Amino acid sequence: MGLISRVFFKILAFLCFIRSSQGRNHFTTLDLPPLLKASSFSRVQHEAYDYIIVGGGTAGCPLAATLSQKYKVLLLERGGSPYGNRNISHLENFHICLADDSPNSPSQGFISTDGVINARAKVLGGGTSVNAGFYSRADPSFVQDAGWDAELVNQSYPWIEERVVYWPNVTPWQAALRDGLLEAGVSPYNGYSYDHLFGTKVGGTIFDETGYRHTAADLLAAGNQNNLRVLLHASVTRIIFNAEQEYRKPRAIGVEFKDENGGQHHAFLTRNRDSEIIISAGAIGSPQLLLLSGIGPRKELKKHNISVVLRNEHVGKGMSDNPMNSIFIPTKDAPKQSLIQTVGITDGGVFIEASSGFSQSPDSIHCHHGIMSAEIGQLSTIPPKKRNLDAVQKYVHKKYSLPKEVFNGGFILSKIDGPLSTGNLVLVDTDINSNPMVTFNYFQHPKDLSRCVYGIKTIERILKTNHFTNFTLNGGGYPMEVVLNMSVTANINLIPKHTNDSTSMDQFCRDTVVTIWHYHGGCHVGKVVDQQYRVIGVSGLRVIDGSTLFRSPGTNPQATVMMMGRYMGVKIIRRRLGRAAGV
């Protein structure tokens with residue numbers, strides 16, 4: 001069983017971008033507001049709020065902290081606390097959160113209709129509590145295209161950085177990628193930088209020097225505790241609208257939510273016209289909640305017997321996920337663990353990153369792996385109609401014969417910037433806890449496929465520089481066809497494989513595509529929300545998170561999504577104070 005366990009985690013490593021380090025519980029050093037269970041809501045006197053924020057994630061936490069500086073805020077998070085959970089806080093346990101499919105997991109696994117295994121956060125701090133930690137700002141052109149105030153953007157990024165961002169200690173694997181990128185022509189070298197710059201650089205990280213993760217939840221310490229109320233395990237089931245004749249259009253006035261025991265509650269806004277519900281539930285949760293609240297395509301709502309509040313055919317449309325393909329490099333010894341630290345920002349529309357090694361602290365929290373298990377992943381080699389539990393058991397026995405190389409190695413990753421392929425999100429049922437059905441249509445657009453091929457060829461050039469030969473057997477490299485063959489096995493998805501995966505790079509891209517969890521869309525600006533992120537056609541309701549974005553910002557989105565929460569909080573306060581002053 002020890003061998004089986006080791007093999008499982010090694011094969012899963014491509015999802016995990018992990019590095020060895022020790023973590024400590026820094027919860028006691030933060031001056032956070034009380035993090036209460038949702039069931040406590042019924043035991044206190046009900047009050048109205050200036051803002052109710054649905055989702056305590058990457059955008060929701062900085063948004064709540066900022067708005068609470070002036071107004072009364074209720075923050076509702078469907079998951080639990082990240083503090084005290086060693087699988088979240090310890091960098092070396094990073095892989096466990098994403099593999100955990102138990103009811104109390106900080107992540108919720110799902111499989112897109114494309115056959116790619118994915119996950120969504122279910123914990124305070126959102127994606128920042130379960131991601132690989134890499135921090136890099138958006139390209140200035142992204143800020144310009146979004147119509148944001150550049151001055152306020154450049155004030156909002158540092159507000160995040162001074163609280164949760166650090167510089168990494170570059171590991172040997174990451175140094176080899178850095179040097180290989182430069183020799184392969186991905187230049188210049190831009191050193192340590194948060195900025196999005198063409199060439200090669202080392203970015204920031206939300207893991208500190210001890211390997212402890214700092215998340216968007218930490219930003220709640222910057223709020224006004226007298227104005228900020230945080231409820232955990234609060235699953236919002238719908239937005240409540242007042243559709244009386246005195247209103248020209250439906251107005252959001254409150255939310256309905258369930259607590260950890262299934263108890264139902266209602267929370268309401270004050271009667272001030274500036275009070276708002278703000279949905280920050282992410283690219284899966286935000287369009288899902290709009291649909292469940294009666295905003296979306298009429299046919300989709302009627303299919304699930306949901307009363308139509310507002311017809312909008314664009315809700316759930318334009319879903320995108322940045323395709324990632326990785327090359328596995330076997331090594332003679334286990335390399336030091338590393339998350340993403342170095343990135344090559346190419347002029348061919350792809351980003352090159354890397355991960356290496358594997359570890360796990362002895363005090364890690366055991367979990368059930370469900371759909372994230374290696375057994376399920378390896379069903380990708382079996383035709384869909386033959387995928388069953390018997391096939392899983394056969395694979396368990398086959399794992400004993402896996403080659404030694406699977407235990408040691410690292411990955412070089414290629415991620416497409418701004419995929420042109422898009423899909424959609426539709427409801428499976430009316431349960432907010434169910435995953436919607438999501439389609440991303442990876443590589444449907446030919447330009448996405450050509451960029452993937454460009455990325456794999458860039459990795460081939462990097463390997464030819466021999467900067468990774470110190471890690472490989474006998475100090476020699478591997479022919480590209482060999483590493484492609486090994487990478488087909490190492491990349492876990494439910495897409496059937498083909499015999500020409502190692503000879504056709506097009507086919508390799510299609511068959512080995514995985515996610516790096518940077519999906520976005522479903523509530524696009526100009527289609528579902530306006531430039532101020534107010535939901536078009538209703539009042540008192542906004543969506544502020546990655547679901548509003550047409551493309552993922554920068555190499556990794558968390559920096560900009562956290563900044564977005566702070567930015568919009570300041571914008572809303574300024575506008576409201578200006579209105580009060582008659583400006």
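A quick note: this is a predicted structure, and the numbers were derived from the prediction, not measured. In this chain, numbering begins with 1 at the start of the sequence shown. Below, all heavy atoms of this structure are taken into account, side chains as well, without hydrogens, waters or symmetry copies.
- Contact detail for Ala216 and Met562: the closest heavy-atom pair is CB-SD, 4.1 Å.
- In this structure, Lys571 contributes its side chain and Trp148 its backbone to no donor-acceptor pair below 3.5 Å.
- With rounding to the nearest 0.5 Å, the separation of CG in Leu427 from NE2 in His304 is 4.5 Å.
- The number of heavy atoms from other shown groups lying within 6.0 Å of NZ (Lys317) is above 12.
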As a quick check of understanding, evaluate salt bridge (charged side-chain N to carboxylate O under 4.0 Å, His left out) for Arg311 and Glu313, giving each step before the final call. CA-CA 6 Å; Arg311 177 183 176 182; Glu313 300 298 320; 2.8 Å; yes
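- The backbone N or O of Ala281 sits less than 3.5 Å from a side-chain atom of Ser286, completing a donor-acceptor pair.
- Across all their heavy atoms, Asn556 and Ile340 have their closest contact at ND2-CD1, 4.5 Å.
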Using the rule given for side-chain contact (heavy atoms from CB on, under 4.5 Å), can you reason through Arg534 versus Leu541, listing the C-alpha separation, both sets of side-chain angles and the distance that settles it, and then say yes or no? CA-CA 6 Å; Arg534 296 171 296 211; Leu541 182 63; over 6 Å; no
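- Of all the heavy atoms in Gly80 and Val123, the pair that sits closest is O-CG2, 3.4 Å.
- A donor and an acceptor atom, one from each side chain of His518 and Lys415, are located under 3.5 Å apart.
- When all heavy atoms of Thr215 and Ser129 are compared, the closest pair comes out as CG2-OG, 3.6 Å.
- Side chain of Gln108 to backbone of Asn433: a donor-acceptor contact under 3.5 angstrom is found.
- A distance of 5.5 Å separates CG in Leu75 from SG in Cys61, rounded to the nearest 0.5 Å.
- With Glu276 contributing its side chain and Ile278 its backbone, the two residues share no donor-acceptor pair below 3.5 Å.
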Carefully, step by step, assess Thr512 and Asn325 under the rule side-chain hydrogen bond (donor to acceptor under 3.5 Å, both in side chains). CA-CA 6 Å; Thr512 66; Asn325 297 81; 3.0 Å; yes
Please step through side-chain contact (heavy atoms from CB on, under 4.5 Å) for the pair Ile284 and Leu425, ending with a clear verdict. CA-CA 8 Å; Ile284 304 297; Leu425 174 153; 4.2 Å; yes
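- To the nearest 0.5 angstrom, Ser156 atom OG is 6.5 Å from Met563 atom CE.
- Between His265 and Phe257, the ring planes lie parallel to each other; the angle is under 30°, not in the 30° to 60° tilted range.
- Here the side chain of Gln558 pairs a donor or acceptor atom with the backbone of Phe134 at under 3.5 angstrom.
- A distance-only check finds a donor-acceptor pair linking the side chain of Asp448 to the backbone of Leu420 [under 3.5 Å].
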Kindly determine whether Ser434 and Asp429 satisfy side-chain hydrogen bond (donor to acceptor under 3.5 Å, both in side chains), including the steps that lead there. CA-CA 7 Å; Ser434 297; Asp429 54 37; 3.0 Å; yes
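- In summary, the side chains of Arg566 and Thr66 do present a donor paired with an acceptor at a separation below 3.5 Å, with no hydrogens or angles considered.
- Formation of a donor-acceptor pair under 3.5 Å by the Thr560 side chain with backbone atoms of Pro557 is not found in this model.
- One side chain, Glu256 or Thr237, offers a donor N or O that lies under 3.5 Å from an acceptor on the other.
- Heavy atoms only, all atoms of each residue included: Leu220 and Ala65 are closest at CA-CB, 4.1 Å.
- No donor-acceptor contact under 3.5 angstrom links the side chains of Thr128 and Thr58, judged on distance only.
- Take Ser307 and apply the side chain to side chain contact (heavy atoms under 4.5 Å, CB included) test, not counting sequence neighbours, and it matches no residue.
- Asn131 places a side-chain N or O within 3.5 Å of a backbone atom of Gly127 that can act as its donor or acceptor partner.
- The CG atom of Leu291 lies 11.5 Å from the NZ atom of Lys303; values are rounded to the nearest 0.5 Å.
- The aromatic rings of Phe94 and Trp517 lie perpendicular to each other, with more than 60° between the two planes, well past the 30° mark.
- A side-chain donor-acceptor contact under 3.5 Å links Asp139 and Ser141.
- Looking at Asp114 and Ser112, their side chains do bring a donor and an acceptor atom within 3.5 Å of each other.
- Tyr442 and Asn493 are not linked by any side-chain donor-acceptor pair at a separation below 3.5 angstrom, with hydrogens and angles left out of the test.
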List the steps and the verdict of side-chain hydrogen bond (donor to acceptor under 3.5 Å, both in side chains) for Arg120 and Asn435. CA-CA 9 Å; Arg120 49 192 291 219; Asn435 285 316; 3.0 Å; yes
Yes or no on side-chain hydrogen bond (donor to acceptor under 3.5 Å, both in side chains) for Ser89 and Arg213, after CA distance, side-chain angles and deciding distance? CA-CA 5 Å; Ser89 299; Arg213 180 192 294 273; over 6 Å; no
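- Here the CG-NE2 distance, from Asp218 to His214, works out to 6.5 Å after rounding to the nearest 0.5 Å.
- A side-chain donor-acceptor contact under 3.5 Å links Arg542 to the backbone of Gln532.
- Note on residues 504-562: pairs passing disulfide (SG to SG under 2.5 Å), not counting sequence neighbours, are Cys452-Cys509.
- Taking Arg510 as the reference, nothing meets the side chain to side chain donor-acceptor pair (under 3.5 Å) condition, with sequence neighbours excluded.
- In this structure, Phe550 has its ring center under 6.0 Å from that of His524.
- The nearest pair of heavy atoms linking Ser81 to Leu35 is OG-CD1, 3.9 Å.
- Side-chain contact of Thr515 with Asp321: a donor-acceptor pair under 3.5 Å is present, judged by distance alone.
- In terms of modelled atom types and a separation under 3.5 Å, the side chain of Ser293 and the main chain of Ile239 share a donor-acceptor contact.
- Using cut-offs of 30° and 60° for the angle between ring planes, the His196 and Phe351 rings count as perpendicular.
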